[in-house]
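Please read all numbers here as calculations on a predicted model, not as lab measurements.
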Amino acid sequence: MSVNDPLGDMLTRIRNAQMRGKSTVRTPASKLRAWVLDVLLAEGYIRGYEPATNGKGHPELEISLKYYEGTPVIRELKRVSTPGRRVYMAAQDVPSVRQGLGVSIISTSKGVMSDAAARTANVGGEVLCTVF
């Protein structure tokens, strides 16, 4: 099975696992996915993640989801930039998500970072997704 949007696939797996109340979810490993998970971890949206392998020996990432009093910490997970429609923004144009309650994850020339970190570093880039 080939996936055209690996990051979108990972976000969908996280959403689906949370709807089912799962504690962990697995996704094929890639550097971009790991970098996005690093931001989610730093912002407190997931418990953590660790490398694993599936039955065929392919590398995977096992993501530990975070719940607060039985409800998922991530209420909304949206893909902004897609393979068919890339969305780029300059540092000063990056919008805050839900008046600063949420986070935009941005791929910049200095790495994948949150919208606040991108504003601080004064770098723009591709807006990958928003989390609330």
Side-chain angles (χ1 to χ4, degrees):
M1 181 180 92
S2 92
V3 178
N4 289 331
D5 184 10
L7 185 60
D9 173 63
M10 179 181 80
L11 300 179
T12 301
R13 285 174 190 237
I14 292 172
R15 275 193 300 270
N16 290 345
Q18 285 189 330
M19 282 193 281
R20 300 291 307 134
K22 303 274 189 204
S23 59
T24 62
V25 62
R26 284 179 168 226
T27 181
S30 78
K31 285 183 183 177
L32 178 63
R33 290 177 187 196
W35 293 332
V36 169
L37 290 173
D38 286 336
V39 175
L40 288 174
L41 182 61
E43 297 291 335
Y45 286 107
I46 59 172
R47 282 190 197 283
Y49 70 96
E50 51 193 33
T53 53
N54 65 10
K56 295 179 182 170
H58 296 293
E60 288 190 326
L61 297 171
E62 188 166 345
I63 306 161
S64 301
L65 302 173
K66 197 173 189 180
Y67 294 88
Y68 177 72
E69 292 179 356
T71 60
V73 173
I74 299 173
R75 284 184 240 162
E76 187 177 277
L77 198 53
K78 274 192 189 155
R79 186 81 159 103
V80 177
S81 198
T82 62
R85 182 175 158 269
R86 301 290 184 189
V87 178
Y88 296 95
M89 290 195 178
Q92 62 272 14
D93 298 337
V94 175
S96 61
V97 180
R98 301 276 178 121
Q99 287 85 37
L101 294 174
V103 176
S104 289
I105 299 177
I106 302 166
S107 176
T108 70
S109 56
K110 294 182 180 174
V112 176
M113 56 180 73
S114 67
D115 53 351
R119 272 191 224 96
T120 306
N122 198 29
V123 289
E126 183 181 351
V127 184
L128 300 174
C129 58
T130 60
V131 189
F132 169 67

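In this structure, CG in Asn54 is found 11.0 Å from OG1 in Thr27, a value given to the nearest 0.5 Å. The CG atom of Leu7 lies 5.5 Å from the SG atom of Cys129; values are rounded to the nearest 0.5 Å. Taken to the nearest 0.5 Å, the CD1 atom of Ile14 stands 5.5 Å off from the CD1 atom of Ile74.
Sequence neighbours left out, the pairs with a member in residues 81-104 that pass side chain to side chain donor-acceptor pair (under 3.5 Å) are Glu76-Arg98, Ser81-Glu126, Arg86-Glu126. Within the structure, every pair that satisfies the side chain to side chain donor-acceptor pair (under 3.5 Å) test and touches residues 14-25, not counting sequence neighbours, is listed here: Thr12-Arg15.
One hydrophobic cluster, built from ILVMFWY side chains closer than 4.5 Å, holds both Leu32 and Leu11. If you chain together hydrophobic residues whose side chains sit under 4.5 Å apart, Phe132 and Ile63 never meet in one group. Hydrophobic clustering (side-chain heavy atoms under 4.5 Å, transitive across Ile, Leu, Val, Met, Phe, Trp, Tyr) keeps Val112 apart from Met89. In the hydrophobic cluster analysis, where Ile, Leu, Val, Met, Phe, Trp and Tyr join through side-chain heavy atoms closer than 4.5 angstrom, Ile106 is grouped apart from Trp35. Using a 4.5 Å cut-off between side-chain heavy atoms of Ile, Leu, Val, Met, Phe, Trp and Tyr, with links allowed through other members, Val94 and Val87 fall into the same hydrophobic cluster.
Among all heavy-atom pairs drawn from Arg79 and Asp5, the shortest one is NH2-OD1, 2.9 Å. Nearest heavy-atom pair, Ala17 versus Leu65, reported as atom, atom and distance to 0.1 Å: CB-CD1, 3.7 Å.
Between Leu77 and Met10, every side-chain heavy-atom pair lies at or beyond the 4.5 Å cut-off. Residues His58 and Pro28 have side chains not in contact (no heavy-atom distance under 4.5 Å, counting atoms from C-beta outward).
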Exercise answer: donor-acceptor pairs, residues 37-48 side-chain atoms, under 3.5 Å, sequence neighbours excluded:
from, atom 1, to, atom 2, distance (Å)
Asp38, OD1, Tyr49, OH, 2.5
Glu43, OE2, Ser114, OG, 3.4
Tyr45, OH, Leu101, O, 3.4

Full working for side-chain contact (heavy atoms from CB on, under 4.5 Å) between Val103 and Val97: CA-CA 6 Å; Val103 176; Val97 180; 5.9 Å; no

Test log, rule side-chain contact (heavy atoms from CB on, under 4.5 Å), inputs Met113 and Val123: CA-CA 10 Å; Met113 56 180 73; Val123 289; 4.1 Å; yes

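The closest donor-acceptor contact from the side chain of Arg33 to the backbone of Pro6 lies under 3.5 Å. A donor-acceptor pair is defined here as one N or O able to donate and one able to accept, closer than 3.5 Å; no such pair exists between the side chain of Arg119 and the backbone of Ala91.
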